[in-house]
Structure formats: structure tokens, C-alpha cells
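Take a look at the structure below.
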Protein chains: 2
Amino acid sequence: MYHMAVTLREVAERAGVSRSAVSRTFTQGASVSAKTRKKVEKAARDLGYSPSLIARSLATNRTKLIGLIANNFQNPVFLEVFDLYTRALQERSLRPLLVNLTDQTDPSASVQLLKQYSVDGVIVASSTLPPLFAHAFKEAQVPVVHAFGRFASTPDIHIVGIDNEHCGAMAAETLFKHGYRHVAFLGGPQSATSAQDRAAGFFRRAKEIDLSIAEIQYADAYAYDSGQRAMGTLLQNRKFEAVFCGDDLICMGAMDAARDAGLSIPQDIGFIGFNDMNMAAWQAYNLTTIRQPTNEIILSSVELVVSMLETPGRAPEVRLFPCSIVERSTLRPLKK
Amino acid sequence: MYHMAVTLREVAERAGVSRSAVSRTFTQGASVSAKTRKKVEKAARDLGYSPSLIARSLATNRTKLIGLIANNFQNPVFLEVFDLYTRALQERSLRPLLVNLTDQTDPSASVQLLKQYSVDGVIVASSTLPPLFAHAFKEAQVPVVHAFGRFASTPDIHIVGIDNEHCGAMAAETLFKHGYRHVAFLGGPQSATSAQDRAAGFFRRAKEIDLSIAEIQYADAYAYDSGQRAMGTLLQNRKFEAVFCGDDLICMGAMDAARDAGLSIPQDIGFIGFNDMNMAAWQAYNLTTIRQPTNEIILSSVELVVSMLETPGRAPEVRLFPCSIVERSTLRPLKK
DNA sequence: ATTAATTTTGCAACCGGTTGCAAAATTTTC
DNA sequence: GAAAATTTTGCAACCGGTTGCAAAATTAAT
């Protein structure tokens, strides 16, 4: 590099003031007279100065970096999620440091990494990681909130999400209301807490209302292919009229498998999904599904992590948002 | 916070060596005797020490942060793109600092932002931004490579991507080979260089081989809805047998619009897309499309930005990767 | 066993900011 | 206009590392 970035010292010299004065004009709420502020601002403009966040971070022990941990880069909902997160953080002049967990679920490596970068806080955005994962950050003294995490009545950490158990129950009810009596369950990966909870709620409510569950399958990932494959095995032995899929993407895979087998939807077989991702509204699927309020969850989790920066001792809190049914056309019409 | 993070000084004290010794054991290629290294490592382990990247960055003027600029969080291909980028960077122990451009395309704000974070380099991953955008980073002395950018024979900056013009021509040829003689063009947003180039190549080659272009439309974004809408207007006046869509997602929207109008694919109307995103293989679409080697482009652009860190004066380079046709089932079978 | 060559080590300055504190300057009060 | 109260300013230490340089320790050569 030819000319190094211009520093605070140079601005100070040009403006004929001390370094502190320059620093103060660039930090919120510091006291500087209008006169010096003007001088400094001019000098800064002339020199094209902008303060180094690295140096500031070192001095203030705040980086304005938020670790954003995700482990599902296969599911397009996560693009929506990233979009919302980057925007929400941006608005508060924070920045996401993206961590792609791929398959290693050992928290210690991520904790180590994010500690090295001295992130101010961490948002774990995943419904498949065990609660322990996010907990590791708390132990490392890093403010953390688990978005899309499992709801616990006595949380050690902040959780923002939905009541998956209740949503599973909603699915059962919806199927029943549409006149189905024999249904199948096609869940997400069995290791995912979200999948477990949705299943539990679904089964419980089904029992209560006498909805018979003919088949149970678990996809090995929240992914199209997995849904397609799982539906394949489900179809070998068809004793059900509709399927509750634990995720829209899985549902799309399942629908395509069903169509491939010559079934038409919803005449021969019904589907209800989960999430209401953008693609659920696509004409080729037009999925009846349970809408998860992604936007609210994200905004709320950002808000929460920000508040932890201000009040580190804040007691862990659970924030649950209600889901709702979005009726489209993959279940047969309601009986009148 | 109760106990501040453990610092190099504490490790030094516990190990009974100087701070430099500790620093050296943690920096690649520095000279330390086996004896001290052992002592330091033990002390570090006992204390749970890991060096602060912030402090290191300040001292070395290297942050290991790469700005990753994107402006299309609607198109699921970008999730694939993020996945690949985060992994590729991670492997080289670099980290992406994600910038979501939403709609403001004024480079100066991003330049400013990324300069403040002193990113080591920037990757602009977008086929819709003007070449000027990426150029602004060069002027600000920041190593930059434009991935998916417009190919220029005398580049001022590094470009990695495909020859969109040539790919447009491939589309024309493919349609012709499949026996189509009257086709429509449904491009991406007209302001996107990629869309312009694909269009140019398509039109040029069509003229050469006497493929008649009955209709021309441009979607207002690389998005499903835009494709659906554009196809709607295209269908008002149907004088074509097939459509070349400038992007798979647009194509899916267009296909759904066509099906909604009662057409079947490929019997009544043919489609060819662009990108070969994962979803193109979904049964509901099973798109014949032009495959863009995303993986190669990404790996290559990471490699390039890394090499610029090592050799700052490196001359700008264009790297183009070949595209290929992926035949699925949205064009009628080849004549024998 | 000396001396020369090489490696390891610690000192101290530096990276680019922030901030507590006391002095200087300004404003308010009487 | 002088004294008191308030605001602004600069000094200097600090954040947690790195690194050039010379001294100390080790190894190699004679």
C-alpha cells in the first residue's frame, strides 16, 4: 500500500488540537465545543479520515460485531433469515460475523473463534442445535440468544421462537377439520429439537381428537431431497390420506415424490407444511402450511441481544410468538 | 463481566517469560525454543488463553476479514453462494463480513464501512452491479475482486465469472437444436450487466441461425414473482413456442404462469433457464438450463483475493469459466 | 577450551484509538 | 469586575498484541 490510512493524529495536527479532541468529536456524547468540532470536522473531511473501528474496539472493548451462527445453508428460508438479520443489525450499526457450522456441532470451536474476534454478542439461529450449544456461550461470558430454539420453562439463556409443540397440535387439528382421519407424519431430522417438539404436539393432539396416525417417518435433514426420499418410503405402503410435514422444504420434496407416483394433490393426498417460507406460495406447490413469524423472531432476537449489551446481567427470558395457519390448496376444501 | 479475558501478559507471567515470547509462540514462523514454547503452551492452556485478533489486527494491520457484498437476498442461489464462500474463507482462516446492499447502490457508503472495519479485501458477489461499484474499492486501495461480474477485455479490477454473451448464444443454439424457430426472450432486470450481455449474445446468435425472436420482456428482478409477472404479459400475445429465461428463478415463475394459463410443458411451450441452481432439478420444474459453475467462480475469487493480500500490486485479471447445457425436461425432445 | 556463528530472548516502541484527571478556558452569579 | 461554577482541553496511561534491535544464551567451529 502506498499511503497508509489517515489516522487521528494527523487530523489532530492539521486541526491544531489534541488527539483527544479529535477522538471526542467522533464519539457519541463526548463534550467538545462547537468551535473545535468544526475545525476537526473540516480537517477530517480534507484528509478523508474515518476512525478505525479496530483501534476503537481495542480501547473500548466493544467490537459491534455479532456472531451469527447457522448450520443450515441448504434451506432457502435461511436466505430470508440472513436478509432480515443483516438489515436489523445494520440499522443498529452492528455487523454480523457469519459462522457456517456445516456439520461439526462441537460448540467449543465456535466459542473459541468468536471469542478471538471478541464479538459483542452471539445469535444462534438454528432449530436443530441442542440447547447445550448456545449455552456454551453463556459459560464463556458471551451474551447469547438462541433464535428458533427450544422453549424451556426455566431457561438459562435467552430463547426466541415458537411453541413447536403447540404448532404440531395445530397441524393435527387442521387436518382433522379438513376431514382427514388417517394421516402420516413426516418430520424433520429426529435429532432436531424442533422436529421432536412438533412431533410430540402432533401426536398428543391426534390422540385426543382421534386422528389416527398411520405412518411415521423422519427426513434426515430439513431439505428437499430428504423430504422426497422419506416420502418415497412412506408411499410404499399407503394407508393415509394426508401428510403433515415438519417443514415446507421437506413438504415440497414430498409433494413431488407423490406426484411422481401419479397422485394428485389434494384429490388423492393432502399436505400440510411448516414455516410458510416465500416459496410456499409458489404456484407449483401453493402449500397449506403453518406460518412461523420469522420476521418477529429475528427482530426480537436482535433487540434482545442488543439489550444484553447494555444490561449484561439481564435474566434469561423466553419469547414465544404465535404461529398461524395459512390455507392454500394442498388440503382438500373444508367440509361445509 | 466478572473476569476479563485472559491476556498475553498474564500468560507471560505464569510461564515466567517475556511477553514477546508468548506472542512468538502464537505467531506462525517466529523463532522460539522448544523449551519456552512448551512452558508457554502449558500456561496458556491452564489459563484458557486465546490471542485477541483485534489487538493483533491493530499491530499487524491485517484483520483476516473479507467484506462480502451482495445485493440479492431474494434469490436462493445466493444461499449456495454464501455457503461456499463461508466455507472457502473459513478454510483459509478468513471470515466474511457480510454487507447487504438492499437497494442503495452508492458504493461510497460501503467503501467507508468496510474501510472502518479495515477488511483485508472485498469480494463483490453480484451480477447486477455496475463495474463502477467494485472499482470504488480499488480507488480506496482495498483489494477487490468482482465475482459474477461483467467481463471486460481491459479490466481495472479482478473479475471472475462467465462469458454471459457466449452463454446467451448457447441458449439460442440449444433452442434451435430442439427444433424451435419462434421464441421469446425473458431477461433479468435490464439494468443488470449480466442480463444485458445474455440478451446481446442471444439476439446475435439467433439472427445468425435464423431463430426468430417473437417477443422480448425483462423481469424487474432476478426473482420468482418478477418472472411470473413478466410471463403474464408475454402470454397475452403468444407467437412463440419456447422461452429463454435469463435466470432459473425467473424461469420457475414463468413456468408457473404458463401452467396457470393451462399450458403444459414442454408440449405446448418450452423453457430454458440459466444458472442451474439446486432447485432447477426439483421435479416440479426439472428445468433444462445453462449451468453456471458457481463453485469454481467462488473458489477462484477467494483464491484471487487471497493472492492479492500477498501480492498487492498484482495486475488485474479476468477469469472466465465455461458454462454447459443441462438437459432436463422443459424443452421438447431432440429430433432424431 | 576459546572463539565465532547462530539462535533465542527481552526491552521498548508502536499500532490507532479512548478516557480519567487536573489545568485552562469559559460562563454564570453576585 | 471578582469569585464560583461549569465546560472544554490536553496530558498521559491504557487496550492487547507485534516486532526491530541488541544482549544473552546456545551451538558449531577451530
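Chain identifiers are assigned alphabetically (A, B, ...) following the order of the sequence lines, protein sequences preceding nucleic acid strands; residue numbering begins at 1 within each chain.
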Counterpart residues, salt bridge (Lys or Arg N to Asp or Glu O under 4.0 Å), relative to A:Arg37 (two or more places apart): A:Glu41
Residue whose closest nucleotide on DNA chain C lies nearer the 5' end, A:Ser20 versus B:Ala34: B:Ala34
Charged N-O contact under 4.0 Å between B:Asp156 and B:Lys138: no
Length of the line joining A:Leu8:CG and D:dC15:P, which is rounded to integer Å: 19 Å
Exercise: do B:Asp83 and A:Asn100 side chains pair donor with acceptor under 3.5 Å: yes
Sugar-phosphate, base or nothing in reach of A:Thr60, heavy atoms under 4.0 Å: sugar-phosphate
Closest heavy-atom pair and its distance - B:Ile297, B:Ala147: CG2-CB, 4.3 Å
Close approaches to DNA chain D from residues 35-55 of chain B, in residue order (heavy atom, under 4.0 Å): B:Tyr49, B:Pro51, B:Ser52, B:Ala55
Shortest non-hydrogen contact between A:Leu304 and A:Arg319, atoms and distance: CD1-NH2, 3.2 Å
Taking every non-hydrogen atom, the tightest pair across A:Arg92 and A:Val306: CD-CG2, 3.6 Å
Side-chain donor/acceptor contact of B:Arg19 with base of D:dG17 under 3.5 Å: yes
Any B:Ser33 side-chain nitrogen or oxygen under 4.0 Å from OP1 or OP2 of C:dT9: yes
hbond_proxy B:Arg9 side chain to D:dG16 base (donor-acceptor, 3.5 Å cutoff): no
Within residues 31-50 of chain A or reaching into it, pairs that qualify as ring pair (Phe, Tyr, Trp, His ring centres under 6.0 Å) - sequence neighbours excluded: A:Phe26-A:Tyr49
Contacting residues from residues 22-32 of chain A, given that a heavy atom lies under 4.0 angstrom of DNA chain C: A:Ser23, A:Arg24, A:Thr27
Interatomic distance, A:Leu58 CG vs D:dC15 P [rounded to whole Å]: 9 Å
Distance-only polar pair, side chains of A:Ser33 and A:Thr36, donor-acceptor under 3.5 Å: yes
Minimal non-hydrogen separation, A:Gly121 against A:Val305, with atom names: CA-CG2, 4.3 Å
Atom-to-atom span, CD of B:Glu13 to P of D:dG17 - whole angstrom: 13 Å
C:dG10 OP1/OP2 closer than 4.0 Å to side-chain N/O of B:Ser18: yes
For DNA chain D, the residues among residues 111-122 of chain B that have a non-hydrogen atom under 4.0 Å from it: none
Check: A:Ser127/A:Ser194 side-chain N/O donor and acceptor closer than 3.5 Å: yes
Check: B:Tyr85/B:Ser301 side-chain N/O donor and acceptor closer than 3.5 Å: yes
Parallel, tilted or perpendicular: ring planes of B:Phe82 versus A:Phe82, cut at 30 and 60 degrees: perpendicular
Distance-only polar pair, side chains of A:Asn72 and A:Thr128, donor-acceptor under 3.5 Å: no
Residue pair B:Arg24 / B:Ser31, side-chain donor-acceptor N/O under 3.5 Å: no
Length of the line joining A:Arg56:CZ and C:dG16:P, which is rounded to integer Å: 15 Å
Bracket string, DNA chain D, 5' to 3' - pairs by Watson-Crick or G-U geometry under 3.5 Å, | interstrand: ||||||||||||||||||||||||||||||
